[in-house]
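Step one of this worksheet: look at the structure below.
Computation of the quantities below employed the complete heavy-atom set of this structure, encompassing side-chain atoms and omitting hydrogens, waters and symmetry-equivalent molecules. Just so it is clear, the model here is predicted, and its values are computed rather than measured.
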Amino acid sequence: MKIGFDAAGNPEQVMDTLAQPRAGDAFGALMIVRLGQQWVWTSEYSVASNNLNRLSAESARRSGRAWRTNLTGMWRGFNVNATFRDVSPNFASPASASLAQSGTSDRRGVDAAVSRDTRLGSFNLTYQFLESDFRLTDKAHLALHNFNFNWTKNLTRSTMLTIGGNETRTLTANRDNPLITEGRADQRRIGFTTSITQTVKTLMLTVGGSRNWFRDRLNDKAGNIVSALTLSGVWNARTWFQLNSNVSLNWTAGEKFSVGGSRIITVYLQPNFIWPRAGITVTPLITLNQMTNLLGSGVLTADTLMTQSGGRVSWQLPGRLRFSTFSFEGSLTRTRDGLHGTTILTPRLLFLWTLVRAGNRTE
């Protein structure tokens, strides 16, 4: 039982659905076969039966099965990995039987990946195809196609270039069925990313950018274009000091009279001071997030600025008490709404005592 509220807002005891007694069984088999020196074939099959509520006479056992087969190996210098999986409706592990309806049941698909290291760089291609609810006549049969490409090249010993691309397509295979009234989809997202990383002694800087185009053929107003620029750095100046920082700018351009265009600026700064002999670590944190949204008619619909300052101090006790660590953490978040002229301050304090069981020492 748990405490709930009736229609008038008065507290009352109600049955906790997560506390209902359940029963379940699962059986499975795993087969691994080596096909020569460079190929491995793996197959797994499982059946499960669950009763989600043993106290209800109307609750019956729901059975399902799951199967996957995978082939991994190397062919002419290419690393190949391919997997097919098929999960029937009502399949769920007894340990999480309540997720049968919203988990990964009634799904099948293919996952494939090919990669190779060459003098021209490292190439990686992945493709995923998934189908959901394809066994049900009264639900949308969703199909997902996801393709990714990535190329990495060390231009020099300290400079690395990365270029990537991706395309995602979501379709309803039976959207012409008159019984389908919800869940129809016809969407496509295409994106490109690039970054370059430069390492100079103890400093590593990364500059990157991306652009994504999203189109929804069933809802023209949902389309948008998202662009981003990022600058991040990691500086290990000394054994007792490290600095992590990141600055990013994002622009979103949508339908100008319903969504409009938005701009988001994010700044993250976290130095780290370490005193090994005393077991003390001091980690300040400063973040800034500024977001504005403007319609095509010139109407400002959002103008917020959120800043956070704080940090953590940790102390690991010396000697035989090294298994114990005290941490004090605090922050102050300030949220400014420029449209309404309001400011909200949110302080936070936290004390954490961590105990780690000491392992057996080996010489």
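A heavy-atom distance below 4.5 Å is found between the side chains of R107 and L130. Residues R211 and T194 have side chains not in contact (no heavy-atom distance under 4.5 Å, counting atoms from C-beta outward). Between R188 and E167 the shortest side-chain heavy-atom distance falls below 4.5 Å. Side-chain contact between L295 and T301 is present, with at least one heavy-atom pair separated by less than 4.5 Å. The side-chain heavy atoms of I286 and T307, taken from C-beta on, include no pair separated by under 4.5 Å. Under the 4.5 Å side-chain criterion, counting only non-hydrogen atoms from C-beta, R34 is not in contact with I32. Residues L142 and T172 form a side-chain contact, since some pair of their non-hydrogen atoms from C-beta on lies under 4.5 Å apart. With contacts defined as side-chain heavy-atom distances shorter than 4.5 Å, the pair L144/Q128 qualifies.
Using a 4.0 Å cut-off between a side-chain N of Lys or Arg and a carboxylate O of Asp or Glu, R169 and D186 qualify as a salt bridge. Ionic pairing of D111 and R68 is not present here: no N-O contact between side-chain nitrogen and carboxylate oxygen is shorter than 4.0 angstrom.
Of the candidates N154, T152, D117, N150, S122 forms a side-chain hydrogen bond (donor to acceptor under 3.5 Å, both in side chains) with just one, namely D117. Checking each of L229, I225, V226, I264 against W251 for a side chain to side chain contact (heavy atoms under 4.5 Å, CB included) leaves exactly one that passes, namely L229.
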One pair to check against side chain to side chain donor-acceptor pair (under 3.5 Å): N70 and T42. What are the steps and the verdict? CA-CA 5 Å; N70 169 266; T42 304; 4.7 Å; no

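N146 and T168 are linked by a side-chain donor-acceptor pair at a separation below 3.5 angstrom, with hydrogens and angles left out of the test. Side-chain contact check for T69 and W67: no donor-acceptor pair (N or O, by modelled atom type) lies under 3.5 Å. Side-chain contact, T325 with Q316: no donor N or O sits under 3.5 Å from an acceptor N or O.
In this structure a side-chain-to-backbone donor-acceptor pair under 3.5 Å is missing from K221 to K256. Judged by distance alone, with hydrogens and angles left aside, the side-chain atoms of N174 form a donor-acceptor pair with the main-chain N or O of K139 at under 3.5 Å. Side-chain atoms of N293 come within 3.5 Å of backbone atoms of V259 as a donor-acceptor pair (strictly under, hydrogens ignored). At least one donor-acceptor pair closer than 3.5 Å links the side chain of S46 to the backbone N or O of F27. At distances below 3.5 Å, not a single donor-acceptor pair connects side-chain atoms of E131 with backbone N or O atoms of R108. Using a distance-only test at 3.5 Å, with no hydrogens or angles considered, no donor-acceptor pair links the side chain of W235 to the main chain of S245.
Taking the six-membered ring where the residue is Trp, the centroids of F328 and W315 are separated by 6.0 Å or more.
With F78 as the aromatic partner, R116 meets the cation-pi criteria of under 6.0 angstrom to the ring centre and within 45 degrees of the ring axis.
Surrounding CZ of R85 are more than 12 heavy atoms belonging to other residues, nucleotides or ligands, all under 6.0 Å away.
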